[in-house]
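The chains referred to below are lettered A, B, ... by the order of the sequence lines, with proteins before strands, and numbering in each begins at 1.
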Amino acid sequence: MELDKVNQYLMANSKYFNSRDVMLIRDSLLAADDSKLLPLMSADFKDPTIMLIISILAGQIGVDRFLLGEIGLGVLKLLTCGGLGIWAIVDWFLIMDKTKEYNNQKIQEALMR
Amino acid sequence: MKRSSLEWILRALALGSWIWLLFSNHAHPTKSLCLIKNISGQPCPACGTTRSIMLILDGHFWEASLLNPMGWFGLLALIGSSILLLIDWILSKKWTETFFLLIEQRLKTKPLLSLIIIFLLIINWIWSIQKQL
């Protein structure tokens, strides 16, 4: 892909990724061809800030984990009352990073398609 | 999710649950740790599970089912996962994670099963709110 397109894409979507992953993503985007553009545009990224709000409001019943596709852990969180409230609070601090990891996985999947 | 972090979460959950049960058995806490219950005053879907398990362990099976049927599920899951985790720990296997990921995959690929579970959980939650657990 052309450098301009890659930079534009990263500028528009940088909030979805960890800063440590951005360089790697940039390299893989540069190496990819233009046919990957459609899967990349249609990739379903989750907004870390929205996930944090969801985690604070409904993390106790595991909604944040369900949304990240970790259904098993979501069910466990639901059944244990958010790990007696402790796991729910720990997740307030971890969920943004986890969401960015999830988005990174999504972009890798889109590039593999 | 990395397998090693999943293993640690499962271990911590099982150990925490046993400590909580032991603590509940001796101290009979009257104050709930549940955030939802403490903030809104209404029980969360899992409220009453500890009390239900305590009743099962005391031999009051019917009362436990009436209080919160999820106690049965919680106790079975706790005992089952603890046995599997112990076997994993002693024999250096990965059975708990494999079993966990298998169930997760089953839930992901069978939406009808997930819908039935969600429906049952919501009915149970409404019942809990009605009972004011």
### Query
Can you say whether B:Ile36 sits under 4.5 Å from chain A via the side chain, the backbone, both, or neither, judging by heavy atoms?
both

### Task
Would you check if A:Asp21 and A:Asn103 make a side-chain contact, meaning some heavy-atom pair closer than 4.5 Å?
no

### Summary
Shortest non-hydrogen pair, B:Arg51 vs B:Cys47, comes out as NH2-C, 4.3 Å

### Task
Could you tell me whether the side chain of A:Val6 reaches within less than 4.5 Å of the side chain of A:Tyr9, counting heavy atoms only?
no

### Message
Does any backbone or side-chain atom of B:Leu121 lie under 4.5 Å from a heavy atom of chain A? Answer side chain, backbone, both or neither.
### Response
side chain

### Message
Can you list everything that forms a salt bridge (charged side-chain N to carboxylate O under 4.0 Å, His left out) with A:Lys46? Sequence neighbours excluded, please.
### Response
A:Asp44

### Message
Among residues at least two apart in sequence or on other chains, which ones pass ring pair (Phe, Tyr, Trp, His ring centres under 6.0 Å) with A:Phe66?
### Response
none

### Query
Out of A:Ala58, A:Gly69, A:Gly74, which one racks up the most heavy-atom pairs below 4.5 Å with chain B?
A:Gly69

### Query
Which residue pairs pass the salt bridge (charged side-chain N to carboxylate O under 4.0 Å, His left out) test with at least one member in residues 71-81 of chain A, sequence neighbours excluded?
A:Asp64-A:Lys77, A:Lys77-A:Asp91

### Query
Given A:Asn104 and A:Asn18, is the side chain to side chain contact (heavy atoms under 4.5 Å, CB included) satisfied, shown in steps?
CA-CA 8 Å; A:Asn104 191 24; A:Asn18 267 323; over 6 Å; no

### Summary
Turns out that what part of B:Cys34 lies under 4.5 Å from chain A's heavy atoms comes down to both

### Message
Counting only non-hydrogen atoms closer than 4.5 Å, can you tell me which residues of residues 70-78 of chain B sit against chain A?
### Response
B:Met70, B:Phe73

### Query
Are A:Met51 and A:Lys98 close enough, and set up right, to give a side chain to side chain contact (heavy atoms under 4.5 Å, CB included), and what steps lead you there?
CA-CA 10 Å; A:Met51 286 303 293; A:Lys98 280 218 146 294; over 6 Å; no

### Query
Under a 4.5 Å heavy-atom cutoff, which of A:Thr80, A:Leu78, A:Ile61 has the most pairs with chain B?
A:Leu78

### Message
Contact between A:Leu73 and A:Leu68 at the side-chain level, heavy atoms closer than 4.5 Å - yes or no?
### Response
no

### Message
Please classify the contact of B:Leu10 with chain A as side chain, backbone, both or neither, using a heavy-atom distance under 4.5 Å.
### Response
side chain

